[in-house]
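Atom set for the values below is all heavy atoms of this structure, side chains included, hydrogens, waters and symmetry mates excluded. Here is how names work: the chains are called A, B, and so on, in the same order as the sequence lines, proteins then strands, and each is numbered from 1.
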There are 2 protein chains.
Amino acid sequence: MNQKIDNLSKILIEKNIKPSYQRIKILQYINENINHPTVDTIFNSLIKEIPTLSKATVYNTLELFKSTNLAKVLTIEDNETRYDSKVHSHGHFKCESCGTIYDFEADIDNLAVDSLKYFKIKDKNVYFKGICPKCLEKNKN
Amino acid sequence: MNQKIDNLSKILIEKNIKPSYQRIKILQYINENINHPTVDTIFNSLIKEIPTLSKATVYNTLELFKSTNLAKVLTIEDNETRYDSKVHSHGHFKCESCGTIYDFEADIDNLAVDSLKYFKIKDKNVYFKGICPKCLEKNKN
DNA sequence: AATAAAATTTATAATCATTATAATATTATT
DNA sequence: AATAATATTATAATGATTATAAATTTTATT
Ligand SMILES: [Mn+2]
Ligand SMILES: [Mn+2]
Ligand SMILES: [Zn+2]
Ligand SMILES: [Zn+2]
């Protein structure tokens with residue numbers, strides 16, 4: 001148990017982030033909940049453990065994680081920002097029926113684009129939308 | 001000149017959208033300004049020609065265009081929604097320095113993903129971020 | 001250990017894009 | 001011309017995010 005917290009602390013320290021209780025808990029949450037949670041989801045879960053937690057802290061901390069590459073921001077839909085602790089390059093599929101966001105591995109890095117030869121590419125995002133198998137099955141008449 | 005408006009009208013009629021003056025002008029705007037404008041940009045340009053124009057009309061109309069595939073929505077950044085009249089599948093590169101959003105052609109359709117075999121994919125989006133050649137040149141010391 | 005400084009968190013208010021609502025204007029139908 | 005349907009407008013409400021300043025906690029200094 002303390003082992004877990006020590007590991008999370010170490011991760012933060014390596015990024016020159018002081019491992020406060022709030023930061024550790026937020027990092028722990030996004031590591032254990034890989035369903036691409038929103039700020040609200042994170043806040044509403046952690047407030048049970050940390051009754052004094054402020055939503056501003058969640059925003060600040062996620063911004064900090066984003067800038068140090070401990071988390072990535074997903075903006076698939078313009079009305080909800082989601083966070084992802086898996087920072088390696090991978091695709092996202094959002095089901096328009098149930099809202100679930102699925103990860104998928106795709107050969108994003110080899111998506112060669114001649115016309116961007118002289119562009120410095122720092123970040124690649126692939127978002128798909130449609131209907132997931134569960135919802136397809138459910139809506140089958 | 002009227003030829004142009006007639007063409008735009010026809011496009012709307014084909015989609016079963018009544019070609020009101022506002023709708024024609026908004027369609028014309030996004031067709032002639034392919035720099036992925038925001039609602040605000042569109043509104044602030046058209047208000048000069050249509051002094052009574054309401055921002056709600058711009059929102060409603062773009063939602064209508066989106067649902068009839070006359071426009072696509074870009075949500076590269078979580079704080080700005082942009083619109084694109086090029087509805088064919090193409091990639092977008094946003095320069096983090098100057099904010100310009102560049103189009104690029106990529107083989108998005110052939111981005112095969114085995115794990116999505118049983119998913120019904122309706123929409124594919126590819127967003128890159130980084131620095132554009134102009135800004136790279138400018139910042140060269 | 002006491003004090004001061006720095007960093008972090010919290011509570012609260014402000015901002016701003018978007019959505020909702022209802023009134024007005026326009027267009028189509030009888 | 002009267003009526004119904006549709007579109008536009010003005011305005012208010014919503015809600016996520018950001019900004020600000022006070023309070024708390026941590027760290028450094030004496
Ligand atoms: Mn993911
Ligand atoms: Mn485009
Ligand atoms: Zn689903
Ligand atoms: Zn640039």
(request) For each nucleotide in nucleotides 15-27 of chain C, reading 5' to 3', give B when a protein heavy atom comes within less than 4.0 Å of its base, S when such contact involves only the sugar-phosphate, and - otherwise. (result) --SBB--------
What integer distance in Å separates [X]:[atom1] from [N]:[atom2]?
| X | N | atom1 | atom2 | result |
| --- | --- | --- | --- | --- |
| A:Lys25 | C:dT9 | NZ | C1' | 17 Å |
| A:Tyr21 | C:dT10 | OH | C1' | 16 Å |
| A:Arg23 | D:dT25 | CZ | C1' | 12 Å |
| A:Ile17 | C:dT9 | CD1 | P | 11 Å |
| A:Leu64 | C:dA7 | CG | P | 14 Å |
| A:Asn60 | C:dA11 | CG | C1' | 13 Å |

(message) To the closest 0.5 Å, what do you measure between CD1 (A:Ile30) and NZ (A:Lys86)?
(response)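 Atom-to-atom, A:Ile30:CD1 and A:Lys86:NZ are 12.5 Å apart.
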(request) May I ask you to verify if any side-chain N or O of A:Gln22 is less than 4.0 angstrom from the OP1 or OP2 atom of C:dT10? (result) yes
(request) Establish, with yes or no, whether the OP1 or OP2 oxygen of C:dT9 is under 4.0 angstrom from a side-chain nitrogen or oxygen of A:Ser20. (result) yes
(request) Kindly calculate the angle separating the two end axes of the helix from C:dA1-D:dT30 to C:dT30-D:dA1, each obtained from five base pairs, and round it to 10 degrees. (result) 10°
(message) In this structure, is the centre-to-centre distance between the rings of B:Phe119 and A:Tyr102 below 6.0 Å?
(response) yes
(request) Could you tell me whether B:Phe65 and B:Tyr83 have their ring centroids closer than 6.0 angstrom? (result)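 Not under 6.0 Å, so no.
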(request) Before accepting this row, confirm whether a basic side-chain N of the pair A:Lys120/B:Glu96 lies closer than 4.0 Å to the acidic partner's carboxylate O. (result) no
(message) Looking at B:Lys129 and B:Glu77, is there a salt bridge between them, counting it only when a charged N and a carboxylate O are closer than 4.0 Å?
(response)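 Yes, B:Glu77 and B:Lys129 are salt-bridged.
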(message) I want to verify a distance call: between D:dT9, C:dT9, C:dT10, whose nearest atom is closest to the A:Ser54 side chain?
(response) C:dT10
(request) For the pair B:Phe128 and B:Phe104, name the ring-plane relationship: parallel under 30°, tilted 30 to 60°, perpendicular over 60°. (result)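 Correct class here is tilted.
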(message) Is a donor from one side chain sitting under 3.5 angstrom from an acceptor on the other, for A:Lys25 and A:Gln22?
(response) no
(request) Go through the side-chain N and O atoms of A:His88 and A:Glu105 and say whether any donor and acceptor fall under 3.5 Å apart. (result) yes
(message) Base, sugar-phosphate or nothing for A:Thr57? Non-hydrogen atoms, less than 4.0 Å.
(response)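 Base contact.
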(request) Would you please name every residue forming a side chain to side chain contact (heavy atoms under 4.5 Å, CB included) with B:Asn125, sequence neighbours left out? (result) A:Tyr127, B:Lys72, B:Asp123, B:Tyr127
